[in-house]
Number of protein chains: 2
Amino acid sequence: MTDRLSGRSGCPINLTLEVLGDRWSLIVIRDMMFGNRRHFRELLGQSEEGIASNILADRLKRLVALGVLSRQDDPTHKQKAVYSLTDKGIELLPLLVQMGAWGRRHLPTTPELAIRQQLMEDGGPALVADFMAELRHLHLGTPLPVGHDPVLPRLRAAYEAELARREG
Amino acid sequence: MTDRLSGRSGCPINLTLEVLGDRWSLIVIRDMMFGNRRHFRELLGQSEEGIASNILADRLKRLVALGVLSRQDDPTHKQKAVYSLTDKGIELLPLLVQMGAWGRRHLPTTPELAIRQQLMEDGGPALVADFMAELRHLHLGTPLPVGHDPVLPRLRAAYEAELARREG
DNA sequence: TTCAACCGATTGTATTTTGCAAGCAGTTAT
DNA sequence: ATAACTGCTTGCAAAATACAATCGGTTGAA
């Protein structure tokens, strides 16, 4: 994808908005990153927000065309498709963290959903880099750095601890 | 603005998308920050992308209602309105910088528009902090730190230097 | 005092995007 | 045989967006 999408302008911020400036694209990417959802039905049914199936199909097709995601056939099931983040997609992580940071500070977030965000912020750029390395492993097959301490379980643990704290 | 917008979810990323997840809101904020545009007509006519007047009116109203912008009467002209960034709005700068960084790396940007972005990236968090202090001065009247080296002129100079380099 | 330029919007209309519910043909596990 | 599941499509209503024209009021210069 090297060509202009619409004829608005070549401003970096505008171009990013033309790719991601809607209500659902980044939700899909968020769920792929933080929820490790790789299949259509997973993305469809297990999200907090409830995307419609036609919208999801459209966004997946679009993001694949734009080079943010890729799509492979699942070898274990002739009808299953596996969606992966490309490197271009993985590099959206810092943007998502910034969005979450602003939302956490300025909008009425739910505590058990905000805790993951806080963990990402507290971990700083090093944690973001670790998570990106982990995503490259999960989505691109890149080997993990030696001594890598997995990030996704840490995020899940923080979420469940907060949930337990609030319930119990 | 402390209440949920729509009933989607309390996830920080989702809430931010509900506020800013469209093609124009962040364009308006970008022009207010980097172009120092404070009036309706300035925002309408001088942007690269050409927003429609009804959309602009809607976004301004909406962003004011959400506490990202504020609106004051211009004392020099009974019909003029001055739009300002609130602190909530100014704190979107790191998000815009991240968006620009991703766009510059992965999308076909125009060199003279990308140069400002590169300057922001090269300056790192310190430059972003300086710029935020400057925005607080321009929009909220906060005193500038002693020894402050203005950022907007630096950005403009970089833009014009790149423009001259490419023309001459 | 006239008048053209400018002010922040609004109106009307056409087009596009979104949201929702139902359903498709093919695949798999029981 | 069949029921559950796969990614994805269809039809239709509602909402958002785009475009052009224009509004009533203000201002500055002739």
Side-chain angles (χ1 to χ4, degrees), chain A residues 4-9 14 17-29 31-32 35-66 69-84, chain B residues 4-9 14 17-29 31-32 35-66 69-84:
Chain A
R4 214 56 45 86
L5 259 140
S6 72
R8 297 215 321 193
S9 95
N14 174 62
L17 278 173
E18 290 189 41
V19 172
L20 303 167
D22 71 273
R23 280 184 161 57
W24 290 111
S25 296
L26 284 170
I27 292 286
V28 170
I29 292 165
D31 284 348
M32 290 184 69
N36 198 31
R37 311 204 201 297
R38 308 290 294 273
H39 301 287
F40 188 94
R41 296 272 179 180
E42 284 176 350
L43 288 161
L44 185 64
Q46 295 173 29
S47 96
E48 297 265 348
E49 291 86 9
I51 188 171
S53 62
N54 54 344
I55 307 289
L56 176 59
D58 177 82
R59 290 305 180 280
L60 288 172
K61 194 174 297 181
R62 182 181 144 88
L63 290 171
V64 167
L66 287 165
L69 305 180
S70 68
R71 196 203 119 114
Q72 298 101 28
D73 291 334
D74 187 329
T76 74
H77 189 306
K78 286 186 182 173
Q79 257 183 329
K80 265 187 178 172
V82 184
Y83 288 94
S84 301
Chain B
R4 213 60 40 92
L5 262 142
S6 73
R8 295 212 324 192
S9 96
N14 173 61
L17 278 173
E18 291 189 41
V19 172
L20 303 167
D22 71 273
R23 280 182 163 59
W24 291 111
S25 295
L26 284 170
I27 292 286
V28 170
I29 292 165
D31 284 348
M32 291 186 69
N36 198 32
R37 312 204 201 296
R38 308 291 294 273
H39 301 286
F40 188 94
R41 294 273 180 178
E42 284 177 350
L43 288 161
L44 184 64
Q46 295 174 29
S47 96
E48 297 265 348
E49 290 85 11
I51 188 172
S53 62
N54 54 345
I55 307 290
L56 175 59
D58 177 83
R59 289 307 180 278
L60 288 171
K61 195 175 295 180
R62 181 181 145 88
L63 291 171
V64 167
L66 288 165
L69 304 180
S70 68
R71 196 203 121 115
Q72 298 100 28
D73 291 334
D74 186 331
T76 74
H77 189 305
K78 286 187 181 171
Q79 259 183 326
K80 266 188 179 170
V82 184
Y83 288 93
S84 301

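The structure displayed is predicted, hence computed values, not measured ones. A, B, ... follow the sequence lines: proteins, then strands. Residue 1 opens every chain.
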Enumerate all atom pairs, one protein N or O and one N or O from nucleotides 27-30 of chain D, separated by less than 3.5 Å.
unit_1: D:dT27; atom_1: OP1; unit_2: B:Lys78; atom_2: N; d: 2.9

How long is the line joining [atom1] of [X] and [atom2] of [N], in whole Å?
X: A:Arg37; N: D:dG7; atom1: CZ; atom2: C1'; answer: 17 Å
X: B:Arg62; N: D:dT17; atom1: CZ; atom2: P; answer: 9 Å
X: A:His39; N: C:dT28; atom1: NE2; atom2: P; answer: 14 Å
X: B:Ile27; N: D:dA18; atom1: CD1; atom2: P; answer: 11 Å
X: B:Asp22; N: D:dT17; atom1: CG; atom2: C1'; answer: 10 Å
X: B:Leu60; N: C:dT10; atom1: CG; atom2: P; answer: 11 Å
X: A:Arg8; N: D:dT17; atom1: CZ; atom2: P; answer: 11 Å
X: B:Arg59; N: D:dA16; atom1: CZ; atom2: C1'; answer: 8 Å

Given the rule in the side chain to side chain contact (heavy atoms under 4.5 Å, CB included) test, do B:Glu49 and B:Arg23 qualify, once you have shown the distances and angles that lead to the verdict? CA-CA 11 Å; B:Glu49 290 85 11; B:Arg23 280 182 163 59; over 6 Å; no
Among D:dC19, C:dG8, D:dG7, which is the nearest nucleotide to the side chain of B:Ala52?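 Minimum distance to the B:Ala52 side chain belongs to D:dC19.
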For a quick test of reading the model, state the closest non-hydrogen atom pair linking [X] to [Y] and the distance between them.
X: A:Glu42; Y: A:Asn36; result: OE1-O, 4.2 Å
X: A:Glu48; Y: B:Ser9; result: CB-CB, 3.7 Å
X: B:Ser25; Y: B:Arg59; result: OG-CD, 3.5 Å

Does A:Arg23 make a side-chain N or O approach to OP1 or OP2 of D:dA16 shorter than 4.0 Å?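 So the side-chain polar atoms of A:Arg23 never come under 4.0 Å of the phosphate oxygens OP1 or OP2 of D:dA16.
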Assert: residue with more 5' nearest nucleotide on DNA chain C, out of B:Arg71 and A:Arg41, is B:Arg71
A side-chain contact here means heavy atoms from C-beta on lying under 4.5 Å apart; do [X] and [Y] qualify?
X: B:Lys80; Y: B:Asp73; result: no
X: B:Tyr83; Y: B:Arg38; result: no
X: A:Ile27; Y: B:Leu17; result: yes
X: A:Val82; Y: A:His39; result: yes
X: B:Leu56; Y: B:Leu60; result: yes

Polar-atom pairs under 3.5 Å, protein N or O versus N or O of nucleotides 13-16 of chain C: list them with distances, or write none.
none

Report the residue (A:Lys80 or B:Ile55) whose heavy-atom-nearest nucleotide on DNA chain D is the more 5′ of the two. A:Lys80
By nearest heavy atom, map B:Trp24 and A:Arg38 onto DNA chain D; which one lands nearer the 5' end? A:Arg38
